[in-house]
Asks: 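Attaching a single structure in structure tokens format; questions to follow.
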Amino acid sequence: MDGAPPTRDLSFAEALREAMDIALAEDDRVVLMGEDIGVYGGAFQVTLDLVHKYGAERVIDTPISELGGAGVAVGAALTGLWPIYEFQFSDFSTLAMEQIVNQAAKLRYMLGGAVSVPLVYRMPTGSGTGAAAQHSQSLEAWFGHVPGLKVVQPSTPADAKGLLLAALDDPDPVLIFEHKLLYKTKGAVPEGRHTVALGTAETRREGRDLTLVASGVMVDRALEAAEALAGEGVSAEVIDLRSIRPIDRDTVLASVRKTGRLMVIYEAVKTLGIGAEISAMVAESDAFDFLDAPIVRLGGAESPIPYNPTLEAAAVPQIADIVRAARDLAGGVV
Amino acid sequence: MDGAPPTRDLSFAEALREAMDIALAEDDRVVLMGEDIGVYGGAFQVTLDLVHKYGAERVIDTPISELGGAGVAVGAALTGLWPIYEFQFSDFSTLAMEQIVNQAAKLRYMLGGAVSVPLVYRMPTGSGTGAAAQHSQSLEAWFGHVPGLKVVQPSTPADAKGLLLAALDDPDPVLIFEHKLLYKTKGAVPEGRHTVALGTAETRREGRDLTLVASGVMVDRALEAAEALAGEGVSAEVIDLRSIRPIDRDTVLASVRKTGRLMVIYEAVKTLGIGAEISAMVAESDAFDFLDAPIVRLGGAESPIPYNPTLEAAAVPQIADIVRAARDLAGGVV
Amino acid sequence: MPDTPPEQVPFAIRHYDAQTLTRALRQMFLIRKFEEGAEAAYMRGLIHGTMHLSIGQEASAVGACIGLSAADKITSTHRGHGHCIAKGADVARMFAEFFGKETGYCRGRGGSMHIADVDAGNLGANGIVGGGIPIAVGAGLSAKRLGTGAVTVCFFGDGANNEGAFHEGLNIASVWKLPVVFVCENNKYGMSTSTEKSTAVASIADRAAAYGMPGLSVDGNDFSAVAEAVEDAAARGRTGEGPSLIEAMTYRQRGHSRSDRNRYRTKEEIEAWTARDPLPRMAGMLIDHGVLTEAQVAEIEAEVDAEIAAALDFAQTSPDPDPAAVTRDVYTVV
Amino acid sequence: MPDTPPEQVPFAIRHYDAQTLTRALRQMFLIRKFEEGAEAAYMRGLIHGTMHLSIGQEASAVGACIGLSAADKITSTHRGHGHCIAKGADVARMFAEFFGKETGYCRGRGGSMHIADVDAGNLGANGIVGGGIPIAVGAGLSAKRLGTGAVTVCFFGDGANNEGAFHEGLNIASVWKLPVVFVCENNKYGMSTSTEKSTAVASIADRAAAYGMPGLSVDGNDFSAVAEAVEDAAARGRTGEGPSLIEAMTYRQRGHSRSDRNRYRTKEEIEAWTARDPLPRMAGMLIDHGVLTEAQVAEIEAEVDAEIAAALDFAQTSPDPDPAAVTRDVYTVV
Ligand SMILES: Cc1ncc(C[n+]2csc(CCOP(=O)(O)OP(=O)(O)O)c2C)c(N)n1
Ligand SMILES: Cc1ncc(C[n+]2csc(CCOP(=O)(O)OP(=O)(O)O)c2C)c(N)n1
Ligand SMILES: [Mg+2]
Ligand SMILES: [Mg+2]
């Protein structure tokens, strides 16, 4: 488009780092906190070298104390700082649910609007790295169930940058789920300040026959599946959810009204995962009358993530699973 | 029924106490742990006087250390005890998610079946007591999303006793959500050993026109609403879910096939609450073809629970809300 | 007694002017009578929910806050009425909050357990034991980063000292040398559990050594002793020497909350501590050292009675929140 | 040297027979060579996921376990290979686990981070820093309640000592006087974060005072020193005197995990500690005191090489798990 800022190819991790670099440079109130985010650069090297540019006073290594670290971020946000707290793995947020859910999410409400809690929690998430059951969870649905929180899940480097900067601009607590398998993926990223509005989904591919809703690492798998399906004469529309709370209702419903068929693809445990919410949201809407087939959920297995690589891959949706399920769903069509 | 054990009226709290009394008497490996469960009898007096009968070595007051307490229960269960750990309020499980979700739920799987974790977490839950946002949450959906856990939610004193004893018999970790507003409600409870199979729903009222699925405190509200609706010529079937994980799929689907209309009633935040799962479960099943109307979810407000009593009541479904929503859903029927 | 040797003159008399001392006494009366008023209204069913009274602990609340400015912060607890008044809150708006009114500090959303006065530097009571500790550390981080020179006084109870949040919070505050004064109000019990049963060390102040900070145990019913300890610790914080831990030995004359039947302590113990009531001690000290006359003390008490009566009236005649406003203030920006 | 004065003869030489000491040396070789083998296989891409090597820490693992019986328990960490071997595991089944095979200790579900050997009393490594601490306390509760006389050795690192789980676990173990020996392997860093940056006290052993238990810091590279400290602490536990905290000062010669670029420590430091390698020290002690000859040591080393080779072969030729078995062992009873 004309007037669009120039872009370069960056990795997902580099795009996140660029967003933090911009924020740190723009405003002295921004601080990064987390375990080994300084000289080590973070477990996934996302904050690499930022400590050398901004100093250990603003890129702060914390002790291994997730409840304390997440809570310090709340107190700092209440009193003038804009913290970005990195959980080394989103699994470790299980130690900090108290501060995230009881404090960060509820303080503004409990105090009748007297405060805001402007902070960001960074949540490296998902399986596929052989790290087994305690380092591979997809917990976004928990936080999507909590009023007071906003939850995003980028699938591209550009959105990673845009959503992280938007999260930081937002006066309320935002969790950004970063899939570990995406950190090294590359894509065009706008230079300079670039934000993506929280709560907005993006249609990645137009289609007629069925709607595939996905987020995070599942978006690329859905797109590859859509390509394969096109070869079979099935036209799949692919929606990148991007935001888990709030969900972009309009974009999803409009697509379902058009295609009449819906499949939600997600890595988290199927039961009570985001696919449940999207299915229910459609089933209670006027789009229900446009449905030509049951709503399909392709979610993770009802098990922890196993270590063995074959089992690990079998525990979450893969491209072939998407193609197969979409083919069945489209059944009537071709 | 013939041969059915004699019953007496007990309160919900008394029924739970009787279950623990039976378990403590039956097996020396059973221990109770929690904050102020001894001489104080627990915040809701559920364990009242058990310490005098079984001693402080088996009815154990813990320090105020939920992560530690929940984790001690895991270690004890791994090594020969059958602990029942009481969270004083289920909200405080936010401090113990690590031990519940990463350890209790996953240890058996991570160790390839080498261990079982036979414990019960008791979860006083819900709003309506004026205790505000940090003491009124309904978090069952989080645990319903976690393979390795089983989750139940009784609505009657008889089921409270039966489900707690069944939970204790079960070799895997079970969470029992006890609604605080139910503790004082009375009902007929079978004497002696009485168990209710985990994972089974119960049809509380037969109906033709629509299906109301509810659990915990919402069951009585659904039944009262059904009574009112009957007066308007609307015949509502009321299913008491009882089990959140696993969900009794067959009972729910059979009812939907019969009535063609489904409304799920729950106190938790609507988004990503159990209503989402039940709606999605139906929408992806063959029962979908029997649906004559969109699936309605009547859930809690998208907010923390407020203190003011009027606002607090407005934040969760009340009988009048159920009647109104059911009337609309039945719309076509009468 | 003008001719008392200086070393026997209490710190408070030496350090504060008559106006400040009079304000302190007045605040202690205000706390006492505010809670008596709240208790009465609660017993008459005018206030719902639960309530934790600090009657008997007024000296530690007022002693800890007397040296603070509005720029300094406090984090408070479920037993936080005294802290709130000591930090300068208006009892009319506090009562209004208890009555769930729109004019309350939390617009009726929070109630007693979330009473706050952000403008005066009270970041809020907390429903989670230990929940305020990491938040206080975060406030300390802001003060240090932004160079405000403010200190944060973090109130918590003896029971809270066994929460992980205590350990993580004090350790972080110490390694980062933050201006935080940790004030543990040790009233001998966490609900029904004595410190002997809950805490593996004789004096909680001794735990300071584990965090490389000074720890001091003082008579929490002696206004002057608490004030002296906190003034010293605050000075340390302001000069960059880091946090301190102060243990104020005190006693709650009332039960833990309404549901408390005092099964865990003796009448004798309660009477012995009631005999050490901090209010007469404070009044006596001011009279002994010629700061006030008996008559002036009586006058102050009468003024306070009038203020309480007016405050109750304001609260009861204030408007209720709009019942439709359940979801307002969940987010700053929707 | 037969004529060394008794007081100069190390504890281990005085206390253990030649067979036991030989087993200890053999286990230390086995740990070293097992990890070297695992590292090589990992580098060649034969093992996926991540892996934390304890090379350089063998003396603390073997010294802590040498006095334990199979009835005694241990809880281990992410750096747990040494603990597992020291407690008696078969390296063939350990390798099989790393290769994700059905013959592995966790049937390929757990991998390195969840390696366990329940029959031998190893309740498992843990992916959560500090996660094993409350579990160990629970095992101690079982031992006390069931009167088994067993002790539990709880391994964790210096980084873990800043987790809330450490605080809650040690406090509970002490107030209940449980037979638990807390062994903190202080290798100076939690990932990249030095104890100076993470821990507010000079010696972690000093934190024992905060829990009313003895604390002792020993040379963790000296088998005899660790064994003596743990034997004393275990005896204390077995006689009902309660838990102890032992800090074993040691060093990991390898990086934290694959992704570690050692940016946070110097080559000199690594070399200095490598010069204090525990293995030659142990071998030297046994030779000096005439327990073994050089030739016998060489023989043991050769035996271990053969065992490792055979174990690797067993692992690589073992069958993979059935890919369809993803959801097996999630529950004991479905
Ligand atoms: C995390 C958490 N656990 C338990 C409770 C329930 N509870 C409220 S106050 C209290 C006792 C707290 O004791 P202490 O810290 O000594 O404060 P005190 O009540 O004596 O002022 C308990 C157990 C809670 N609110 N939060
Ligand atoms: C709760 C939690 N936080 C963070 C991590 C990531 N992590 C794994 S090991 C480690 C360092 C642990 O340090 P220490 O306890 O000293 O053990 P060491 O690795 O030195 O043996 C960290 C931060 C984790 N696994 N769990
Ligand atoms: Mg107390
Ligand atoms: Mg370490």
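The chains referred to below are lettered A, B, ... by the order of the sequence lines, with proteins before strands, and numbering in each begins at 1. Computation of the quantities below employed the complete heavy-atom set of this structure, encompassing side-chain atoms and omitting hydrogens, waters and symmetry-equivalent molecules.
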Asks: So which part of B/L67 gets closer than 4.5 Å to some heavy atom of chain A, the side chain, the backbone, both or neither?
Replies: side chain
Asks: Measuring only between side-chain heavy atoms, which start at C-beta, is A/V146 closer than 4.5 Å to B/V269?
Replies: no
Asks: Only pairs of heavy atoms separated by less than 4.5 Å count here; which of A/A293, A/P246, A/A132, A/A301 has the most with chain B?
Replies: A/A293
Asks: Is there a donor in the side chain of A/Q103 and an acceptor in the side chain of B/Q134, or the other way round, less than 3.5 Å apart?
Replies: yes
Asks: With a 4.5 angstrom heavy-atom cut-off, could you sort out which part of B/Q137 is near chain A: side chain, backbone, both or neither?
Replies: side chain
Asks: Can you tell which part of B/V282 gets under 4.5 Å to a heavy atom of chain A, answering side chain, backbone, both or neither?
Replies: neither
Asks: Would a distance-only check, ignoring hydrogens and angles, find a side-chain to backbone donor-acceptor pair under 3.5 Å from B/E312 to B/G130?
Replies: yes
Asks: Between A/S279, A/P304, A/A276, A/A96, which has the largest tally of heavy atom pairs under 4.5 Å with chain B?
Replies: A/P304
Asks: Check whether any side-chain N or O of B/K180 sits under 3.5 Å from a backbone N or O of B/G126 as a donor-acceptor pair, and report yes or no.
Replies: yes
Asks: Who among A/G273, A/G148, A/A268 has the most heavy-atom pairs with chain B under 4.5 Å?
Replies: A/G273
Asks: Of all of B/E277, B/E98, B/Q99, which one pairs up most often with chain A through heavy atoms under 4.5 Å apart?
Replies: B/E277
Asks: State plainly whether the residues A/D248 and A/R242 are in salt-bridge range, i.e. N to O under 4.0 Å.
Replies: no
Asks: Chain A: which of B/A287, B/G275, B/S303, B/G144 shares the most heavy-atom pairs with it under 4.5 Å?
Replies: B/S303
Asks: Tell me, for B/A141 versus chain A, whether the close heavy atoms (under 4.5 Å) come from the side chain, the backbone, both or neither.
Replies: both
Asks: Say whether, by atom type as modelled, one donor and one acceptor occur between the side chain of A/S255 and the main chain of A/V252 under 3.5 angstrom.
Replies: no
Asks: Are B/R245 and A/E302 close enough for a salt bridge, meaning some N to O gap below 4.0 Å?
Replies: yes
Asks: Check whether B/S285 gets within reach of chain A through its side chain, its backbone, both or neither, counting any heavy atom under 4.5 Å.
Replies: backbone
